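In what follows, a single structure is set out as structure tokens and then discussed.
Throughout, protein chains are lettered first and strands after them, A, B, ... in sequence-line order, and every chain is numbered starting at 1. Values in this document were obtained by computation on a predicted structure and should not be read as measured data.
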There are 2 protein chains.
Amino acid sequence: MKRLTLYLREVERRLSQGESRVSSRQLGQGLGVTDTQIRKDLSWFGQFGQAGVGYAIEDLATRLRQILGKDRTWKTALVGAGRLGQAIMSYGPFAREGFEIAAVFDADPSLIGTEVGGRRIRRLDELDQIVREREIMLGIISVPKEAAQSTAERLIEAGVLGILNFAPVRLEVADRASVVSVDFSARLEQLAFQVSLGLKGSIDGDD
Amino acid sequence: MKRLTLYLREVERRLSQGESRVSSRQLGQGLGVTDTQIRKDLSWFGQFGQAGVGYAIEDLATRLRQILGKDRTWKTALVGAGRLGQAIMSYGPFAREGFEIAAVFDADPSLIGTEVGGRRIRRLDELDQIVREREIMLGIISVPKEAAQSTAERLIEAGVLGILNFAPVRLEVADRASVVSVDFSARLEQLAFQVSLGLKGSIDGDD
DNA sequence: CTTTGTGAAATTATTCACAGCA
DNA sequence: TGCTGTGAATAATTTCACAAAG
């Protein structure tokens, strides 16, 4: 459920501000979600709150972290160290939220061996070995779209269970892994579409 | 409708391969969408196809471009020329798909005046004037999350109608503009969630 | 009086089934 | 036969309404 990640973010923000309780209505306020929606979503995972009082923020955060698999560190391999790859490497939130970029690969010989943000860029043909050795479970694909499918296969072959795909193509992985895509162009197009329709307001918190 | 952008992409791919007709089933094949879904989606905008034959790819492309507002060039202001901003500037698909980055702004004095990818980086306080002068209609926000809301307001103030937001916060714009967000962390978290649930398969083509 | 958790109702999205056309 | 367009059926999601609890 894509809203859960938003809830956790907001709950952690409030936690860091020293708040200790929150109601579903308060939680939804800054998130553009109704209180009922939040309660329904949470109820899927059991009972968290206390009627008349609300939710204990710390408990809720802990529980959400468990549900979302954020109670551990996810080792991640980044494939593609071009500008986008570099932006991803230096993207603060990843590191802070339990995602460790444990290795970086690229096909371009001129990049191999260089360091970006303190990380050495490795040859693509080391991928299999290193992913296995370090027990890397997730892959991030920031290669040109032509190379995306083969990169995905390589990652899956090496044992990766999930892929975050930045290439504007649909990856064919059958049921060998989970794939989540981030598609800049598609989003910009959606924006243009909405503007030409004259729609206003915020769409999607993720998404 | 977020699938429309996928349809256009696939239609253009086929067009560039010299195909002239396509059925809804063929179109959906590589997209993970059912044929019925495609027909339903398209039917919202009128009748395109020919029973028994399918869709004339060129007509369909033209029509989709109109619907999605891709029959013109969208001038865009990029705010935030850090690594992510630079990745966006050099992201091929944008330029190719009718989005022109007409100006780039940043708050960091050490970046002002430098050129990245042939584009001069400007002071933030020139934003208003330049957006008006050049009739820029869209804004891309790739600034740190603390600065995102104020950047959004500045862009809207200057007359921008739509914002593509890369900061992991919800922008409060009331009904003064359309906002579409791209949230890396949220997506990566979703991926981790799915992997910990053991779900497999591709999620979202855009999204 | 406030707020949760949850069935029931309403709404929205997707799929089915098929008439009609080439 | 192969295919579109669409009303009807089904499924999924969201909202409503309210009993129970602090």
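Listed by first and then second residue, the side chain to side chain donor-acceptor pair (under 3.5 Å) pairs involving residues 153-162 of chain A are A/Gln149-A/Glu153 (not counting sequence neighbours). The side chain to side chain donor-acceptor pair (under 3.5 Å) pairs that include a residue from residues 75-88 of chain B are A/Ser90-B/Arg83, where partners are two or more places apart or lie in different chains.
For the pair B/Gln50 CD and D/dT4 C1', the computed distance is 10 Å after rounding to whole Å. Rounded to whole Å, atom P of D/dT4 lies 13 Å from atom OH of B/Tyr7. Rounded to whole Å, atom C1' of D/dC3 lies 9 Å from atom CG of B/Asp35. Remark: P of C/dT4 and CD1 of A/Ile57 are 12 Å apart, rounded to the nearest angstrom. If you take CG of A/Leu42 and C1' of C/dT3, they are 13 Å apart, rounded to a whole angstrom. The separation between B/Trp44 atom CH2 and C/dA13 atom P is 11 Å, rounded to whole Å. Following rounding to the nearest Å, B/Arg39 (CZ) and C/dC18 (P) show an atom-to-atom distance of 14 Å. C/dT4 atom C1' lies 12 Å from atom NZ of A/Lys40, rounded to whole Å.
Contact check, B/Gln37 against C/dA13: no side-chain N or O comes under 4.0 Å of OP1 or OP2. OP1 or OP2 of D/dT4 has at least one side-chain nitrogen or oxygen of B/Ser24 nearer than 4.0 Å. Look at A/Tyr55 and you won't find any side-chain N or O under 4.0 angstrom from OP1 or OP2 of D/dG22. Regarding contacts with the backbone of C/dT3, every side-chain N or O of A/Gln26 stays at 4.0 angstrom or more from both OP1 and OP2. Listed pair A/Gln47 / C/dT6 meets the phosphate criterion, a side-chain N or O lying under 4.0 Å from OP1 or OP2.
Classified by interplanar angle (parallel below 30°, tilted 30° to 60°, perpendicular above 60°), the ring pair A/Phe184/B/Phe184 is parallel.
Side-chain atoms of A/Arg63 and A/Gln66 include a donor-acceptor pair closer than 3.5 Å.
A/Arg3 comes within 4.0 angstrom of the backbone, heavy atoms only, and of no base. Residue B/Thr36 is classed as a base contact, given a heavy-atom separation below 4.0 Å to a base.
Of the two residues near DNA chain C, A/Ser43 and A/Gly52, the one whose nearest nucleotide lies more 5' is A/Gly52. Of the residues near DNA chain D, A/Asp41 and A/Ala51, the one whose nearest nucleotide (by heavy atom distance) lies more toward the 5' end is A/Asp41.
In this structure, A/Gln26 contributes its side chain and A/Ser23 its backbone to a donor-acceptor pair below 3.5 Å.
Here the side chain of A/Ser23 is nearest to one of D/dA8, C/dT3, D/dC3, namely C/dT3.
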